[in-house]
A.B. asks: 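Take this structure, written in structure tokens, and hold onto it; I'll ask about it next.
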Number of protein chains: 2
Amino acid sequence: MQSAILNHISKDIHLTKEEQEEFLSILSEKKLGKKELLIKPGDSVTSEYYVVSGCLKAYYLDENGHKHIIQFAVEDWWISDFEAFFNNAPAQLYLETIEESVLLEIQKDALEVLYQRIPKFERFFRLKITGAFVSLRSRILSSLQMNSKQRYLEFCNSYPNIEKRVPNYHIANYLGIQPESLSRIRKEL
Amino acid sequence: MQSAILNHISKDIHLTKEEQEEFLSILSEKKLGKKELLIKPGDSVTSEYYVVSGCLKAYYLDENGHKHIIQFAVEDWWISDFEAFFNNAPAQLYLETIEESVLLEIQKDALEVLYQRIPKFERFFRLKITGAFVSLRSRILSSLQMNSKQRYLEFCNSYPNIEKRVPNYHIANYLGIQPESLSRIRKEL
DNA sequence: AGCCTTCCCTAACATACATCAAGCAGAATA
DNA sequence: TATTCTGCTTGATGTATGTTAGGGAAGGCT
């Protein structure tokens with residue numbers, strides 16, 4: 001389990017044994033069952049989470065009671081309400097498991113200390129943010145230039161490990177279409 | 001002109017006089033006329049730009065020849081093809097002025113040196129990235145939960161300094177709707 | 001095993017927006 | 001000043017998707 005996150009990190013930065021130990025010392029494990037809430041609106045968001053195993057969704061509930069999934073997360077991914085995390089603001093999103101999940105939690109305070117002690121982690125987490133930025137930009141560009149069918153196919157190609165594990169109506173929701181529309185699209189394939 | 005960017009930065013980090021001088025020394029000024037290209041696809045993106053005055057758009061040209069504006073930038077904002085900039089990749093976007101503009105250019109190499117010499121700038125540019133991430137996330141959430149009229153109103157409220165300076169068909173394009181639809185929306189207001 | 005819940009599909013009809021076409025007004029240019 | 005260009009609006013028609021309603025299959029629970 002700890003080897004998962006060390007492998008993940010070693011793709012971007014090289015750590016000494018001591019640095020690894022120090023990093024691991026600030027992680028705490030969290031086991032969640034299916035459909036369990038990790039964060040809800042109004043919560044103080046003091047952590048971000050690395051997914052060791054399982055699958056989660058981050059969604060927003062609008063004033064009409066409609067859910068809008070804005071992010072999935074599976075193994076090797078990070079999840080939080082990042083806006084709240086970055087800005088020391090209360091959460092706006094629900095974070096909920098789709099499957100039983102095991103997460104590693106990093107507290108923001110501990111992270112700031114880590115940055116001081118091992119500056120390489122500035123780089124690592126900056127790469128995570130820029131990667132997230134790139135992903136969101138790509139998503140916006142896709143929605144500007146593609147129809148729903150093309151976007152569904154792109155989703156399946158880009159995220160097969162999500163597509164096979166989450167219900168289709170979740171995917172429809174993430175794409176901003178109704179499940180009925182997704183059924184029609186899939187019928188044409 | 002240099003006071004503009006120093007004011008901009010002083011909102012987030014405090015610099016000594018020496019630090020200010022060092023920062024200013026890595027900036028170079030760029031003056032562009034209306035409809036001038038700053039970056040085009042395939043270009044090597046080695047810089048990001050601070051807008052001192054003027055207004056720009058970043059757009060993608062799809063394989064059918066359709067333009068999709070993904071970002072505007074006005075005074076006090078930053079612009080680049082950030083994906084290319086972050087990833088040392090060739091540009092995918094066109095960056096083009098909408099008005100005559102004055103920019104301050106920062107080369108990526110100089111920025112990396114700056115990070116070493118004045119680590120505060122790590123924090124400053126991390127705040128810029130996280131701010132950009134938050135803005136993109138907000139945009140996706142809006143497009144998931146609002147209709148085009150609501151999104152147009154939100155755009156006008158959030159970015160009045162863009163709305164009054166760019167043609168309506170640009171705004172329509174940015175919102176992912178046709179100019180005719182925007183005309184109809186505006187008629188209802 | 002029976003029942004309930006969850007997920008998916010289908011059809012009919014309604015709605016939002018795209019597409020095509022044209023006209024007008026104001027600004028820019030020769 | 002006359003012409004051209006740019007930006008915007010309008011109407012008719014078409015298309016993609018939303019909404020409503022219902023049914024069926026698979027999995028989970030008692």
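Note on naming: letters A, B, ... go to the chains in the order of the sequence lines (proteins, then strands), and numbering restarts at 1 for each one.
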A.B. asks: By nearest atom, which of the nucleotides dT17(D), dG7(D), dA18(C) is closest to the Tyr169(B) side chain?
C.D. replies: dG7(D)
A.B. asks: Heavy-atom distance under 4.5 Å between the side chains of Asn173(A) and Leu144(B), does that happen here?
C.D. replies: no
A.B. asks: Please report, rounded to the nearest Å, how far the C1' atom of dG18(D) is from the CG atom of Leu144(B).
C.D. replies: 15 Å
A.B. asks: Rounded to the nearest Å, what distance is computed from the CZ atom of residue Arg186(B) to the P atom of nucleotide dC8(D)?
C.D. replies: 7 Å
A.B. asks: Among the candidates dC8(C), dA18(C), dC20(C), find the nucleotide nearest to the side-chain atoms of Pro167(A).
C.D. replies: dC8(C)
A.B. asks: Whole-Å distance between dT19(D) C1' and Ile177(A) CD1?
C.D. replies: 15 Å
A.B. asks: Under 3.5 Å, is there an N or O donor on one side and an acceptor on the other linking the side chain of Arg151(A) and the base of dT17(D)?
C.D. replies: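 Per atom types, no contact qualifies.
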A.B. asks: Measure from the side chain of Gln178(A), starting at C-beta and using heavy atoms only, and say which of dG18(D), dC9(C), dT17(D) lies closest.
C.D. replies: dG18(D)
A.B. asks: Students often mix this up, so state it plainly: with edges at 30° and 60°, are the rings of Tyr59(B) and Tyr94(B) parallel, tilted or perpendicular?
C.D. replies: parallel
A.B. asks: Check the distance between dC5(D)'s P and Lys35(B)'s NZ and give it to me in whole angstrom.
C.D. replies: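 So the two atoms are 12 Å apart, to the nearest Å.
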A.B. asks: Using the ring of each side chain (for Trp, its six-membered ring), is Tyr50(B) parallel, tilted or perpendicular to His8(B), with breaks at 30° and 60°?
C.D. replies: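 The rings of Tyr50(B) and His8(B) sit tilted, inter-plane angle from 30° to 60°.
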A.B. asks: Examine dT17(D): is either OP1 or OP2 under 4.0 Å from a nitrogen or oxygen in the side chain of Ser148(A)? Give yes or no.
C.D. replies: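 So the side-chain polar atoms of Ser148(A) do come within 4.0 Å of the phosphate oxygens OP1 or OP2 of dT17(D), strictly under.
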A.B. asks: Are any of the side-chain nitrogens in Glu96(A) or Lys35(A) under 4.0 Å away from the carboxylate oxygens of its partner?
C.D. replies: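 Answer for the salt bridge query: no.
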A.B. asks: Send over the distance from Tyr152(B) OH to dC8(D) P, rounded to a whole Å.
C.D. replies: 10 Å
A.B. asks: Where the side chain of Ser181(B) is concerned, which of dC17(C), dC8(D), dT19(D) is the nearest nucleotide?
C.D. replies: dC17(C)
A.B. asks: So does Glu180(A) reach the base of dC9(C) with its side chain, donor to acceptor, closer than 3.5 Å?
C.D. replies: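 Between dC9(C) and Glu180(A), which were checked side chain against base, a qualifying N/O pair under 3.5 Å is absent.
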A.B. asks: Between dC13(C) atom C1' and Arg184(A) atom CZ, what is the distance in whole Å?
C.D. replies: 11 Å
A.B. asks: Could you tell me the separation between the CG atom of Asn168(B) and the P atom of dT10(D), rounded to a whole number of Å?
C.D. replies: 12 Å
A.B. asks: Using heavy atoms to find the nearest nucleotide of DNA chain C for Lys34(B) and Ile185(B) separately, return the residue whose nucleotide is more 5′.
C.D. replies: Ile185(B)
A.B. asks: Mind checking if Leu182(B) touches a base, just sugar-phosphate, or nothing, with heavy atoms under 4.0 Å?
C.D. replies: nothing
A.B. asks: May I have the step-by-step check of ring-ring contact (aromatic ring centres under 6.0 Å, His included) for Phe72(A) and Tyr159(A), ending in yes or no?
C.D. replies: CA-CA 10 Å; Phe72(A) 296 110; Tyr159(A) 308 114; 8.5 Å; no
A.B. asks: May I have the distance from Glu188(A) (atom CD) to dA16(D) (atom C1'), rounded to whole angstrom?
C.D. replies: 10 Å
